[in-house]
Amino acid sequence: MSEGAAISRTRAERAEVALASLMAAPATPDRLRRVLEQALVFAGASFAGVYTPGGDPALLRLAESAGLPRTLYGLRDGYPAGGASPVAEAHRTGRPRWLGPAELADAPDARRTPSPDFSVAVLPLGPAGAGCLLAVGEHPGGFGTDDRSCLELIARSIAVPVPAVADDTGELPENAFRLGMDSGRVEVGDAILRLFDLDRQEFDGRVESLLGRTVPEDLPALMSVVEADHMSIGDRELEFRILQTSGSPKWLRLRGRLLPGGEGRPAELVGTVTDASTLRSDVTDVARVQRLAAALATAGTVKDVGQAVVAALRAPLRADRIALAELENDRLVVTVLDPPEPEAWPAVWRSEWRTEWPDAPVRAMPTLATALREGRARIWPAGSPLEPALAEVGPGGLAVLPLPAGGRMAGACLIGWDRPHDFAPDERALLTACAALTGQALLRAHAFDAEHELVGMLQRTLLPRRLPRLPGAVAVARYLPTTAGLEVGGDWYDVIPLADHHVALVIGDVQGHNAGAATLMGQMRTALRAYAAEGHAPDVVVAHANRLLLDMETDLFATCAYVDVDVERGTAWCVRAGHLQPVLRHPDGTAEILRTEGGPPLGVLAQAEFPMTPLRLQPGTVIALTTDGLVESAEADLDSGMDRLAGELAAADPAHLGLVADALLTGAHRGDDVALLLMRYDGMAVRPLRESWTVWRVPEAARHARRFTRRTLRAWELPRDTIEAALLVVSELVTNALVHTGGPVRLDMSLVNHRLRLAVADSSPRSPVKPTSIGWEATGGRGILLVEAVSEAWGTVPVSGGKQVWADLVPFG
């Protein structure tokens, strides 16, 4: 049949021909699924499924499906036959239901999807009580006249809706299996044993005995089916290979359904395994639509969509090149080229090369512009007169697939062959169905990319932009967001420089992965930083944060590890609130998981205690703090993960701390956020000089403070003019504290890197105010002006229950 004649037929007529061909062919186990795939090809559906009464006539169960996973649309595995759902109504009444977005908003169990235009069609399978066909579309305006005609044809063609699978009762069919999800014991029919080349006597009933014969590359996909947590009830199918004693691996097809447990009965996976060698087709197998739909369902980004399309089409079609391009205004921006080498593509494309991929105005390719405007797949055989930009893509044949999405063309997929290629009818149907699925996936991927960027921006604003430079130590941090979905995580880290060359290392994890967890994470990080800056002891800092979280009256809790390191002395205090233990790498290359005391997570108990554990650090010691995303996953428990972290830290070279952090994150499980904080303690080359004096409230207090200052600074061998300036500063600061505050007063002096700091702490939180002007008759207010005049810098900082006023002098400046 010519190309023109094929196009002149209506979609309903083409669907009728395809269905007649399917029903005339010998019956196969996958006939029903092939019939449902015609709804994807001819009616533009995203999902099609058959619900029928099973052993329990009061329940309609999903017998077969094709297209995207039903969970995307909130569809159930089963519906009560007497319920108010559209499935139950069509089943009982024998009348079809056509539901658009407005009707779905009021329907029971309705749930919105990423597309605001999705609609549902429910058609009875013959007379009332025989089950129904359900189709989901994402076209604006719902299913059109031609779409409805095609769906009615498909509903009339479904004669045997329930394939032979293992049931709850009766004898197990030869090609069926029943797997207990709690025990891993599996019952299999004789045909399955023959496929696996096993005798009934030698089979031990363990699922591992069957999995062990799987080609290693296919084992992860097969495990995703036999694990209950990842099972999609009612719509699961997988092809995989098993090893044979001679010859190439054999292809098998598994179809299964998870039956939930209850009343003391464990959940079971039931289904069939058949030989797929005769069912597989290199080119014309419409079942590839199902595999592409499954791949696109998990494709989160535009790049993932392109990779799924290339994997599903290039090798099966034996194509020489595939390009996936998006339409942005009037330009075609290519996002995927396979092969990626520029030399494999037309010269005009290379001349339009911008950055990583080429882009060109659509008007430069009139044939492509026409295909996009008409919105249907076009195929040109070898030798077709095309513009060079397209002719060189497929000299042996070219297919252009416009990608519809949301009522517009999202882009186009170009498939080219170098040698003359014959386009079979089934191949045309495959290309048409793939184009619709790809366009919808691109629309979702763009929304995902935009939201992912927003999530990433939020995460970056809540974490430190850079870590501070530390005297006598080096700190690095890494953060990896989870790849499972878009939700922002609650992991955080911080490095807080404190007075007297102390530094606080903080790492924590707020329960959950959502905006609430992220917001609480930012609040907890800010609170801990504020409490630490006030000069509280580590246990008090964490206790204050615990009370703050309880006062917020949130349902979330947080874990935290807080380590206060004295860089001058090489000591530290560690406080844990339900968090992982720190890991220490010693200078001799050994690593240990510290057994420090700990309290409960923050936000759990009002009267919680958070004990402090002392640590001793030698120069070259590395402290590692992490969250559980790095050391715990479904495949590895916490203890083994911590042991692995300690072993990898011991084997690393601490001289390059950034490389150590990158190496520790290699192969990290991305099902959860990961935060990692490392600090290498080097020790200070020159140890500061420090002295303190408690100022008693006596008439001679200021004179005693000056005497102590003179004696100390002379011992430090400072110049005389510096000592005189320091005496003036101390006299003014001590006098202000005694006159304007109550409670204890303390004088602290330190000499660090030729910089003298004088600080007076008191119990009043009110900071001294520098007067804007002083008249001749004023009796006070000149003290702060004098301090400012003789010092290099001065300021005030809050401390526990009060403040500290400080002034810096540079003796040798």
Practice item. Nearest 0.5 Å please: distance from the CD1 atom of I593 over to the CG atom of D639. Key: 8.0 Å

Revision key, fill the gap. Residues M679 and A473: closest non-hydrogen pair is SD-CB, 4.0 Å

Review point. Under a 4.0 Å N-O cut-off, is there an ion pair linking R478 with D662?
Key: yes

Review point. Any donor-acceptor pair under 3.5 Å linking the side chain of R680 with the backbone of P619?
Key: no

Check your understanding: When rounded to the nearest 0.5 angstrom, what is the spacing between CG in L758 and CE in M749?
Key -> 7.0 Å

Check your understanding: Which atoms form the tightest heavy-atom contact between A504 and Y562, and what is the distance?
Key -> CB-OH, 3.4 Å

Check your understanding: Is the H536 ring parallel, tilted or perpendicular to the Y531 ring (thresholds 30°, 60°)?
Key -> perpendicular

Check your understanding: Below 4.5 Å, heavy atoms only, C-beta onward: do T722 and L713 meet side chain to side chain?
Key -> no

Check your understanding: Are W716 and L756 close enough that some pair of their side-chain heavy atoms sits under 4.5 Å apart?
Key -> yes

Point to revise | Any side-chain heavy-atom pair of L630 and L676 under 4.5 Å | key: yes

**Study point:** Residue of the set L505, I623, V563, D494 for which side chain to side chain contact (heavy atoms under 4.5 Å, CB included) holds with L677
**Key:** L505

Point to revise | L727 backbone acceptor or donor facing T709 side chain under 3.5 Å | key: no

Check your understanding: Could you state the interatomic distance from CG (D682) to CD (Q618), rounded to the nearest 0.5 Å?
Key -> 12.5 Å

Review point. So with a 6.0 Å cut-off around CZ of R720, is the heavy-atom count from everything else above 12?
Key: no

Check your understanding: If we only count heavy atoms from C-beta on, is the E792 to R755 side-chain gap below 4.5 Å?
Key -> yes

**Study point:** Check: D762 main-chain N/O paired with K803 side-chain donor or acceptor under 3.5 Å
**Key:** no

Exercise for review: Please lay out, stage by stage, how Y479 and D491 fare under the test side-chain contact (heavy atoms from CB on, under 4.5 Å).
Suggested key: CA-CA 8 Å; Y479 175 82; D491 293 17; 3.9 Å; yes

Review point. Okay, side chain of T626, backbone of A675: is any donor-acceptor separation there less than 3.5 Å?
Key: yes

Review point. Can any side-chain N or O of Y681 pair as donor or acceptor with the backbone N or O of G472 at less than 3.5 Å?
Key: no

Check your understanding: Can you list the steps and then say if L617 with L584 is a side-chain contact (heavy atoms from CB on, under 4.5 Å)?
Key -> CA-CA 9 Å; L617 308 178; L584 245 60; 4.3 Å; yes

Review point. Should the heavy atoms of other residues, nucleotides or ligands under 6.0 Å from CD of E724 be counted, would the total exceed 12?
Key: yes

Revision key, fill the gap. Value for CD1 (I496) from NE2 (H502), rounded to nearest 0.5 Å, stands at 14.0 Å

Review point. For R714, does the CZ atom have more than 12 heavy-atom neighbours from other residues, nucleotides or ligands under 6.0 Å away?
Key: no

Exercise for review: Check the surroundings of atom CZ in R569: do more than 12 heavy atoms from other residues, nucleotides or ligands lie under 6.0 Å from it?
Suggested key: no

Point to revise | Heavy-atom side-chain proximity of H501 to R690 below 4.5 angstrom | key: yes

**Study point:** Check against side-chain contact (heavy atoms from CB on, under 4.5 Å), V730 and F708
**Key:** CA-CA 10 Å; V730 167; F708 170 75; over 6 Å; no

Check your understanding: Under 3.5 Å, is there a donor-acceptor pair between the side chain of R706 and the main chain of L728?
Key -> no

Check your understanding: Quick check: does any side chain N or O of N546 sit under 3.5 Å from a backbone N or O of G603, one acting as donor and the other as acceptor?
Key -> yes

Point to revise | Residue that, paired with F610, satisfies side chain to side chain contact (heavy atoms under 4.5 Å, CB included) out of V540, V541, V575 | key: V575

**Study point:** Check: H586 main-chain N/O paired with T590 side-chain donor or acceptor under 3.5 Å
**Key:** no

**Study point:** Donor-acceptor contact below 3.5 Å, side chain R576 vs main chain T596
**Key:** yes

Check your understanding: How about C560 and M524: do any of their side-chain heavy atoms sit closer than 4.5 Å?
Key -> no

Revision key, fill the gap. Heavy-atom nearest pair, G599 first then P611, reads N-CD, 4.3 Å

Exercise for review: Supply the atom-to-atom distance L549 CG to L520 CG, rounded to the nearest 0.5 angstrom.
Suggested key: 5.5 Å

Check your understanding: Hey, does the side chain of R585 reach the backbone of L649 with a donor-acceptor pair shorter than 3.5 angstrom?
Key -> yes

Point to revise | Heavy-atom pair with the smallest gap, counting every atom of L747 and A705 | key: CD2-O, 4.2 Å

**Study point:** Shortest non-hydrogen separation from E568 to P688 and the atoms involved
**Key:** OE2-CG, 3.3 Å

Exercise for review: Take L470 and V567 through the side-chain contact (heavy atoms from CB on, under 4.5 Å) test and state the conclusion after the steps.
Suggested key: CA-CA 9 Å; L470 303 175; V567 182; 5.9 Å; no

Check your understanding: Heavy atoms, side chains only, cut-off 4.5 Å: are L733 and W806 in contact?
Key -> no

Point to revise | Minimum-distance pair of heavy atoms, taken over all atoms of A475 and V495 | key: CB-CG2, 4.2 Å

**Study point:** Distance-only side-chain donor-acceptor flag, T627 / D509, under 3.5 Å
**Key:** no

Point to revise | Minimum side-chain heavy-atom gap T796-Q804 below 4.5 Å | key: no

Point to revise | Whether over 12 other heavy atoms sit under 6.0 Å from R469 CZ | key: no

Exercise for review: Determine whether the side chains of D748 and S692 contain a donor N or O and an acceptor N or O closer than 3.5 Å.
Suggested key: yes

Point to revise | Spatial distance of atom CG (L605) from atom CG (L550) [nearest 0.5 Å] | key: 8.0 Å

**Study point:** Matching residue for L738 among V695, V698, V760 - test: side chain to side chain contact (heavy atoms under 4.5 Å, CB included)
**Key:** V695

